Amino acid sequence: MARRRRLVVGNWKMYGRLTSGLVLAQDIAEQAEAARPLNFDIVLCPPATLTWAIGEALLGTPVMLGGQDCHTANHGAYTGDLSPAMFVDLGCRYMILGHSERRYGHGETSELIAKKVEAAQLAGLTTIVCVGETAEELKAGSTSEIIEKQLRESLPKKVKTANLVVAYEPVWAIGTGQAPEPEDVVTVHKQIREVLGEIGETVRVLYGGSVTPANAEKILAEEEVDGVLVGSASLNADGFWAIAEKCQ
Ligand code: PGA
């Protein structure tokens with residue numbers, strides 16, 4: 001089978017104000033422009049407040065836009081929430097869902113995440129569904145059990161394969177500077193494909209958690225890894241581009 005097109009995603013989390021965010025996005029877009037034609041996809045997921053301005057700045061560049069979370073409905077009386085359709089209006093093509101900072105920081109269940117995935121896909125977004133074990137679960141040896149359960153429960157019954165990306169993000173690796181060994185990433189990625197069944201070979205599976213310019217090469221040397229979801233290292237244009245380049 002031909003190699004799946006790789007994908008690098010910058011998750012800015014709750015970082016970036018208007019001026020700094022625009023400078024960061026423009027610097028990344030310049031590097032991407034200079035490297036055209038790209039043989040991988042590159043997506044920035046800024047805070048929702050910056051999406052419009054950054055979308056304008058990225059017009060005509062190879063860099064795509066995404067959101068970090070959305071509601072299950074396209075409109076309604078939901079104070080403070082943002083709908084999938086609203087992100088589509090702003091030019092977003094991707095949506096991160098089920099990030100551990102949503103699961104554990106906001107009590108989001110896999111059941112809720114599955115509803116969000118369904119709504120975001122219906123709105124036309126490609127959903128990046130995150131799964132991963134905690135440090136305790138790793139120690140207890142229950143990684144594969146947790147991954148299977150989270151993945152099965154976080155996907156809607158009518159999942160659109162073409163709009164699905166899965167990100168393996170061990171919770172203990174996020175923001176800690178501690179990434180798993182590439183062979184352990186490969187083991188989990190293979191398991192994710194098994195759980196996905198017949199669609200497993202076509203769905204892109206990313207790795208996320210303390211990806212840096214220093215460890216990206218080793219991680220992306222693995223054919224199993226279809227790209228990376230990058231948090232803190234995506235807040236520096238040169239560092240993020242150094243990671244992105246390894247997706248070639
Ligand atoms: P990190 O975050 O790269 O800062 O560890 C990754 C993520 O949360 O997606």
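Any value given below was found using the heavy atoms of this structure, including those in side chains, with hydrogens, waters and symmetry copies removed. The structure displayed is predicted, hence computed values, not measured ones. Both ligands and their constituent atoms are indexed starting at 1 by order of listing.
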Below 4.0 angstrom from a heavy atom of [X], which ligand 1 atoms are there? Numbered from 1 as shown, please.
X    : result
L229 : 9 (O)
G231 : 1 (P), 2 (O), 3 (O), 4 (O), 6 (C)
H99  : 7 (C), 8 (O), 9 (O)
N11  : 9 (O)
G209 : 5 (O)
E169 : 6 (C), 7 (C), 8 (O), 9 (O)

Is it the case that more than 12 heavy atoms not belonging to R36 sit under 6.0 Å from its CZ atom?
yes
Nearest neighbour of atom 4 (O) of ligand 1 from the list P170, S232, G208, on a heavy-atom basis:
S232
Does A233 reach ligand 1, in the sense of a heavy atom lying below 4.0 Å from it?
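Per 4.0 Å heavy-atom rule, A233 does not contact ligand 1.
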Taking S144's backbone N and O only, do any of them form a donor-acceptor pair with Q191's side chain (distance below 3.5 Å, no angle check)?
yes
Sequence neighbours left out, what passes salt bridge (Lys or Arg N to Asp or Glu O under 4.0 Å) with K139? Give chain and number order.
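Partners of K139 by the salt bridge (Lys or Arg N to Asp or Glu O under 4.0 Å) criterion come out as none, since no residue qualifies.
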Would you say Y78 and T72 make side-chain contact, with heavy atoms under 4.5 Å?
no
Do you see a donor-acceptor pair shorter than 3.5 Å between the side chains of S142 and E145?
no
Q121 and side-chain hydrogen bond (donor to acceptor under 3.5 Å, both in side chains): which partner among N163, T127, T161?
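That would be T127; it is the only one of N163, T127, T161 passing the side-chain hydrogen bond (donor to acceptor under 3.5 Å, both in side chains) with Q121.
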Run the side-chain donor-acceptor check on residues 227-240: report pairs under 3.5 Å with partners two or more places apart or on a different chain.
unit_1	atom_1	unit_2	atom_2	d
S234	OG	V230	O	3.3
S234	OG	G231	O	2.7
N236	OD1	D238	N	3.1
N236	OD1	G239	N	2.7
D238	OD1	Q31	NE2	2.9

Classify the angle between the aromatic ring planes of W241 and F40 as parallel (below 30°), tilted (30 to 60°) or perpendicular (above 60°).
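Tilted, since the angle between the ring planes falls between 30° and 60°.
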For atom 2 (O) of ligand 1, grab the closest protein heavy atom and report residue, atom and distance to one decimal in Å.
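Minimum-distance protein heavy atom for atom 2 (O) of ligand 1 reads K13 NZ, 3.3 Å.
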So, is T176 polar-close to ligand 1, with some N/O to N/O distance under 3.5 Å?
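No; every N/O pair is 3.5 Å or more apart.
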For I174, which part has a heavy atom under 4.0 Å from ligand 1: side chain, backbone, both, or neither?
both
